[in-house]
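In what follows, a structure is listed as structure tokens, so that the remarks can point back to it.
Just the heavy atoms: all of them, side chains too, but no hydrogens, waters or symmetry mates, feed the values below.
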Amino acid sequence: MNKDIKLSGAEEQLQALLLSHGNKEAAAQFAANGLPTRRIEAYHYTDLKSLLREVPSALAVANDGASAKRSNFDGVARIEIVNGQLAGDFDVEGVSVATSGNTGTGDDSVVLLSEALVGDVVEIKISGELDQVLHIDRIIDGDAAINADKVSVTLEDGAKATLVETYNGSDAAHLRLATTEVVLGEGAEFSHFQLDGNSSATRHFANNRYELNADAQLSTFVQQSEPQVSRTTVSASFVGGGAHADFAGLNMLSGTQHGDITVHLRHLVADTTSTEVFKNIVNGRGKAVFQGKIDVAQPAQKTDAQMMCQGLILSERGEVLVKPELEIFADDVLCAHGATCGELDENSMFYLMSRGIPRTEAKAMLIRAFLAEVFEPVDVEAVVHVLEARVDSWLQEQEEA
Amino acid sequence: MTTPILEIKNLHVKVEEEDKEILKGVNLTLPAGEVHAIMGRNGSGKSTLSYVLAGKDGYEVTEGQILFHGEDLLEMDAHERAAAGLFLAFQYPIEIPGVATMTFLKAALNAQRKSRGEEELKIPVFMKMVKDAAAKLEIKQEMLKRPLNVGFSGGEKKRAEILQMALMQPSLCVLDETDSGLDIDALKIVSEGVNHLRSENRSMLVITHYQRLLNHIVPDRVHVFSDGRIVESGDRDLALELESKGYAGFDNHAA
Ligand SMILES: Nc1ncnc2c1ncn2[C@@H]1O[C@H](COP(=O)(O)OP(=O)(O)O)[C@@H](O)[C@H]1O
Ligand SMILES: [Mg+2]
């Protein structure tokens, strides 16, 4: 540890907050490292020391959330977590919801903050096959605040569920620290969506961790399009043979937005498979980051891991930064990564326009076509509607900008 | 005298940001109801002419004029030209993954209708239009379910171009080497599709490399294209003459 690090104003404030939250150990650990800079490999393109120059001074306090924007879907079972406090219960057979204190910690400063500042963990246990989609609306209401919340999902062996999480809140410059942990029991099946309804001034940090036991099937989707700064880390450990996961996500950024999706997969045992499909669209001076790391441990023979990341750059100053990393210690594996990045294809534009389709509409068609692959597997109608509507309104905003 | 559908006057075109001139003074008048063929060897500038007519970016007109129904064509954007009745059947139709063929057809037809101030097509009407037109060109419904031109064979792409042309009912059809990549049977089907569209209000500019196509689509006039301009014009016998003499026999002619 480097004891001499000079803390920025924001870092001092975060340290003070940890102390006042009664967590001396975390405060000392944070003070030793500060916020991650580009010198830390996992934050190579997302230097938080410079991206987080100002942070809210206080934690979000209990609030009825009455004034916050919400997401509502028909026919789903819904709970809310407002400023870290659980509200409501799932009235679905096979699902129990409880809260407990948090004991988590972490080396990474963002994980450390997220864990240390969490109040109650919302624990969800799922058994059997659910006949309803679960929805958790994670809301930050009131004045600009730091909010840490944590959801921990356990799927018993053979359980089957779909969880849609939405991030919502009041229109203030919040710092969100969201943690989601999911353990999939043997043969469990889980679909997980995270939809972005943050305010544009929010700085959003989500840490998603998955553990897959034998024959578990997971599919995940992350959308990042609203906050000034957002970073979602997805980490998954494949600990049982026959487990399979599909990870997907989208950065859709404009203005001076910065969006980072960082994925770290650990194939630890034989016969596990994964796919990754991530798409990035940037306009203006938007900056999208995708980092994908795949570790294949020595015993993890027959691992098949396919990673794909594509970028569509709509402006001269937009950036898509991609970093794949493979660390393979087994010899009989299939691992591949592909990254493509480009502008809208001129010949395709001309073809559509030569058929009478105006430029704006042709552009929109090609952008939707670019996204088709990542939306195609989304099988929850409500989610499809939200995503399509957001793409439509986003395209509209770009025209007006 | 009625206004010709297309008049090209002393058209000079170069590639933007390059000095290379590709079209070097093209003159052509295409009256309503006529079919003209343009024949020329590879690289003579035929596709460039078709792109400039359709409004592709990247070319600069340095001299000359194009009138479409008497209006300045070069003032219009590509999509406006289409709505005004110009259609280019591409030599190499573009594959667009992620755009369903039917979605594309509906968007294109409705965009053209909208710009002419017409109502959008009702879905059942649209479906029937496409189904009937596709049947005439022996295009299977299954093909229409695929993304636009993706995984189509060369012949299927050309048939899909003619399908679009039949649906859009343009007043000027520019066909750029529609015969290339077609076997004899497909050539017959496509030619019948084109011939079916011949009418007194519609003109066609049929660009080809071989005279073979002109046995099926019989032109009113034939123009020989060489090094960026028309060097000789005549009736359809000129195509036969070209076939026997070869293009070399026409080099260095003046129009
Ligand atoms: N965008 C371009 N940039 C540079 N050269 C071009 C471009 N388009 C066409 N050309 C050149 O112009 C000439 C004519 O090409 P083209 O119009 O395709 O001929 P054709 O269709 O008769 O075979 C060729 O030498 C070709 O290489
Ligand atoms: Mg050509």
Side-chain angles (χ1 to χ4, degrees), chain A residues 221 248-250 252 277-281 308-316 338-378 384 387-388 390-392 394-396 399, chain B residues 16 47 50-59 76-101 103-116 118 147-150 157 160-161 163-165 167-170 173-174 176:
Chain A
F221 181 94
L250 165 67
M252 190 164 68
V277 179
F278 288 87
K279 302 259 177 171
N280 302 278
I281 299 183
M308 208 261 291
C309 175
Q310 293 184 333
L312 180 58
I313 302 176
L314 300 175
S315 58
E316 226 150 82
T340 61
C341 224
E343 299 164 20
L344 282 176
D345 180 55
E346 269 176 45
N347 289 322
S348 302
M349 279 296 290
F350 173 58
Y351 190 77
L352 295 177
M353 289 180 69
S354 79
R355 296 321 187 223
I357 300 173
R359 185 177 297 276
T360 311
E361 201 182 329
K363 223 167 147 176
M365 279 180 96
L366 293 179
I367 291 171
R368 288 195 188 91
F370 173 79
L371 293 174
E373 182 185 12
V374 79
F375 287 179
E376 200 260 336
V378 176
V384 175
L387 291 172
E388 284 181 349
R390 184 59 189 117
V391 170
D392 290 349
W394 192 85
L395 290 169
Q396 189 73 38
E399 276 318 305
Chain B
E16 260 175 25
S47 288
S50 75
Y51 287 149
V52 171
L53 287 170
K56 190 177 187 185
D57 288 340
Y59 298 100
M76 301 164 140
D77 273 346
H79 71 280
E80 294 167 337
R81 298 182 193 194
L86 189 150
F87 183 91
L88 167 64
F90 281 57
Q91 181 173 4
Y92 303 108
I94 309 293
E95 298 190 9
I96 309 188
V99 174
T101 304
T103 309
F104 158 76
L105 289 174
K106 189 145 68 61
L109 285 168
N110 281 333
Q112 293 194 17
R113 295 176 72 90
K114 192 173 162 194
S115 83
R116 293 191 296 256
E118 297 164 16
L148 187 54
N149 290 324
V150 177
K157 281 181 186 161
E161 293 289 287
L163 170 69
Q164 292 176 37
M165 193 166 103
L167 291 170
M168 289 165 193
Q169 296 280 319
C173 306
V174 180
D176 190 4

Legend entry - Minimal non-hydrogen separation, A:M365 against B:V99, with atom names: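 In this case the closest contact between A:M365 and B:V99 is CE-CG1, 3.7 Å.
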Inset, instruction - Mind listing the closest non-hydrogen atom pair of A:G356 and B:A82 along with its distance? - result: N-CB, 3.3 Å
Inset, instruction - Could you look at A:L366 and say if it's the side chain, the backbone, both or neither that has a heavy atom under 4.5 Å from chain B? - result: side chain
Legend entry - Toward chain B, the part of A:E373 with a non-hydrogen atom under 4.5 Å: neither
Inset, instruction - Could you tell me which of A:D345, A:N347, A:L371 has the largest number of non-hydrogen atom pairs under 4.5 Å with chain B? - result: A:N347
Legend entry - Greatest number of heavy atom pairs closer than 4.5 Å to chain B - which of A:A372, A:S348, A:A362: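 Heavy-atom pair counts peak at A:S348.
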Given heavy-atom pairs under 4.5 angstrom as the criterion, report whether the side chain, backbone, both or neither of [X] touches chain A.
X: B:P170; result: neither
X: B:L148; result: side chain
X: B:F104; result: both

Who wins among [options] for the most heavy-atom pairs under 4.5 Å with chain A?
options: B:Q164, B:E80, B:K114; result: B:Q164
options: B:I94, B:D77, B:L88; result: B:I94
options: B:A83, B:A107, B:G58; result: B:A107

Crowding at [atom1], [X] (>12 non-hydrogen neighbours, <6.0 Å):
X: A:F375; atom1: CZ; value: yes
X: B:K56; atom1: NZ; value: yes
X: A:E399; atom1: CD; value: yes
X: A:R359; atom1: CZ; value: no
X: B:E118; atom1: CD; value: yes

Spacing of [atom1] belonging to [X] relative to [atom2] belonging to [Y], to within rounding of 0.5 Å:
X: B:I96; Y: A:L352; atom1: CD1; atom2: CG; result: 4.0 Å
X: B:R81; Y: A:R355; atom1: CZ; atom2: CZ; result: 14.0 Å
X: A:M353; Y: B:D57; atom1: CE; atom2: CG; result: 7.0 Å
X: A:Y351; Y: B:E95; atom1: OH; atom2: CD; result: 10.5 Å

